[in-house]
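Input: a single structure, listed below in structure tokens.
Computed over heavy atoms, backbone and side chain alike; hydrogens, waters and symmetry mates excluded. Remember, it's 1-based here, ligands and their atoms both numbered in the order they're listed.
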Amino acid sequence: MLSQFILTAALAAGALASPVEYIGSDWDLEWISKNDSLPKVVIYSTGGTILSASNYSSLDNVKYGSGVGPTPQELIANVSEVLDVAQLAVVKFPAPGGSAGINSTLYLNVTQYANRHLCSEDSDIAGAIMFHGTNTLEETAFGVDLTFNCSKPFIATGAMRPDTYVSPDGRSNFYQAVAAAASPSSRDRGGLIVFNDRITSIFYSTKTNANTPDTFKALEQGNLGAFLAGQPFYFFGPAYPTGRPYFDVSNVTNLTDGLPAIIIVYGHQGFDASLMYAAVANGAKGLVILGPGAAAVSPSALAAAKDLYSQGIPTIAVARPVTGTGVPDPTPASLIYSSYVGADQARIMLQLALNAGYDLDEIRDLFESPLRNAIFGPAVNQLAYYGTTYI
Ligand code: ASP
């Protein structure tokens, strides 16, 4: 029945031309609409539990992988209320095998589409949502967030329960993500995650629970807003996350392995620092290390980080506890601290910085500047940590 409402909108060909090879090359969007005065929202569909079904039972939320889930168009038909808040178009990005198998190819593709669809001068699209498997949603979303070049909402969502569950969370998440993407109140905030009645910043969010719908949280920074009767309510006016950079990735011509490889290692008692050298020997151009407490690393890991730094390989230290941060040294040193950027996200930020040609000092500034300036900038702390004031 939806077909009677289909309109076609062709985006201007040639805008934002890029040498990148795309998974698809069709920029045109076919709009599903029942009111052409409603805002337009694009759905970038990469799969995940939101589009899955169980063959076992309506209570199965653990082994549902083999069922045949709804297509995005079927989900729209099942949640037809979405067509009262927006006109929708779907772009599919195949990500077979679950989101644990995804690499940067996906975010490079999604961001090329999102920039072209939403950020070109003649765009009449209000916002975008992305369906994604929750296991690595925060990674693809972060990659898009840091490479998306306009103030319109880009919103990631998914589900923890298959669509066949007795009360599937995906349907509600879908409606809320569309409502948020259609709302001007979602602009100028950076990328957002809409999940389980809450809105959080992609920059700070992580999956906190392997099984339950209340999983995406920005534990330290909190919720930006909540949904009431399906509509977003923001607790604060628009603001971008502190230190959120933008990277232009239009120079990436090889989508499969065009970005530098970064490896994450996990610091623990008895840590074997030779793993850091092994990662580099295996092609890593940078490392992220999770350090216990405030990103403390073992003496052997620190020595390896210094040695690798002297060879041009940066190591980013991230606090291992579920929240909090490592603090940069008062004097810039060879181990770089991530500030409040999590390990998954630091890997992607370093990957993008290296691709952009940042040298080691620029990489340190990228990660450390906001926190360094806040802590060591005030005169009282200049005196305390340097024995003098320098400004
Ligand atoms: N299997 C899913 C994934 O690809 C899990 C989910 O979407 O929640 O991440």
Side-chain angles (χ1 to χ4, degrees), residues 23 43-76 78-79 82 90-111 128-145 154-178 180-181 191-200 202 205-219 227 264 322 342-345 347-348:
I23 289 172
I43 301 170
Y44 298 117
S45 176
T46 80
T49 296
I50 190 166
L51 299 176
S52 73
S54 175
N55 285 328
Y56 297 106
S57 83
S58 60
L59 290 173
D60 175 39
N61 65 347
V62 291
K63 296 292 173 195
Y64 47 85
S66 54
V68 178
T71 64
Q73 286 80 359
E74 286 166 347
L75 192 63
I76 293 169
N78 292 341
V79 191
V82 288
V90 178
V91 182
K92 287 189 193 170
F93 296 87
S99 73
I102 285 170
N103 60 27
S104 54
T105 303
L106 184 65
Y107 81 70
L108 288 172
N109 270 285
V110 174
T111 203
I129 73 168
M130 177 177 71
F131 294 153
H132 199 289
T134 59
N135 294 342
T136 65
L137 179 153
E138 67 203 57
E139 295 177 57
T140 301
F142 191 81
V144 176
D145 189 27
F154 176 84
I155 295 177
T157 194
M160 292 297 284
R161 297 167 169 171
D163 196 57
T164 40
Y165 196 75
V166 63
S167 63
D169 58 331
R171 295 187 181 201
S172 163
N173 290 344
F174 173 42
Y175 181 89
Q176 294 177 350
V178 171
L192 303 169
I193 292 179
V194 162
F195 221 95
N196 198 46
D197 296 348
R198 299 271 165 44
I199 308 168
T200 56
I202 286 174
S205 297
T206 193
K207 187 174 184 179
T208 62
N209 191 303
N211 315 108
T212 63
D214 59 331
T215 188
F216 282 100
K217 297 197 171 146
L219 286 166
F227 290 88
I264 303 175
V322 290
D344 301 349
Q345 293 79 1
R347 181 185 71 80
I348 291 164

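- Of the listed residues (Val322, Thr206, Thr208), just one forms a side chain to side chain contact (heavy atoms under 4.5 Å, CB included) with Lys217, and that residue is Thr208.
- Side-chain contact between Val144 and Tyr44 is absent, with no heavy-atom pair separated by less than 4.5 Å.
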Which N/O atoms of ligand 1 sit under 3.5 Å from a protein N/O, and at what distances?
residue: ligand 1; atom: 4 (O); partner: Ser99; partner atom: N; Å: 2.6
residue: ligand 1; atom: 4 (O); partner: Ser99; partner atom: OG; Å: 3.3
residue: ligand 1; atom: 7 (O); partner: Thr49; partner atom: N; Å: 2.9
residue: ligand 1; atom: 7 (O); partner: Thr49; partner atom: OG1; Å: 2.9
residue: ligand 1; atom: 7 (O); partner: Thr134; partner atom: N; Å: 2.9
residue: ligand 1; atom: 8 (O); partner: Thr49; partner atom: OG1; Å: 3.0
residue: ligand 1; atom: 8 (O); partner: Thr134; partner atom: N; Å: 3.4
residue: ligand 1; atom: 8 (O); partner: Thr134; partner atom: OG1; Å: 2.4
residue: ligand 1; atom: 8 (O); partner: Ala159; partner atom: O; Å: 3.1
residue: ligand 1; atom: 9 (O); partner: Ser99; partner atom: OG; Å: 2.6
residue: ligand 1; atom: 9 (O); partner: Thr134; partner atom: N; Å: 3.3
residue: ligand 1; atom: 9 (O); partner: Asn135; partner atom: N; Å: 2.9
residue: ligand 1; atom: 9 (O); partner: Asn135; partner atom: ND2; Å: 3.2

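- Judged by distance alone, the side chain of Asp145 and the main-chain N or O of Gly191 form a donor-acceptor pair under 3.5 Å.
- At distances below 3.5 Å, at least one donor-acceptor pair connects side-chain atoms of Asp169 with backbone N or O atoms of Arg161.
- Residue pairs meeting the salt bridge (Lys or Arg N to Asp or Glu O under 4.0 Å) criterion with at least one partner in residues 57-75, sequence neighbours excluded, do not occur; the list is empty.
- In this structure, the side chains of Thr71 and Val90 stay at 4.5 Å or more apart for every pair of heavy atoms.
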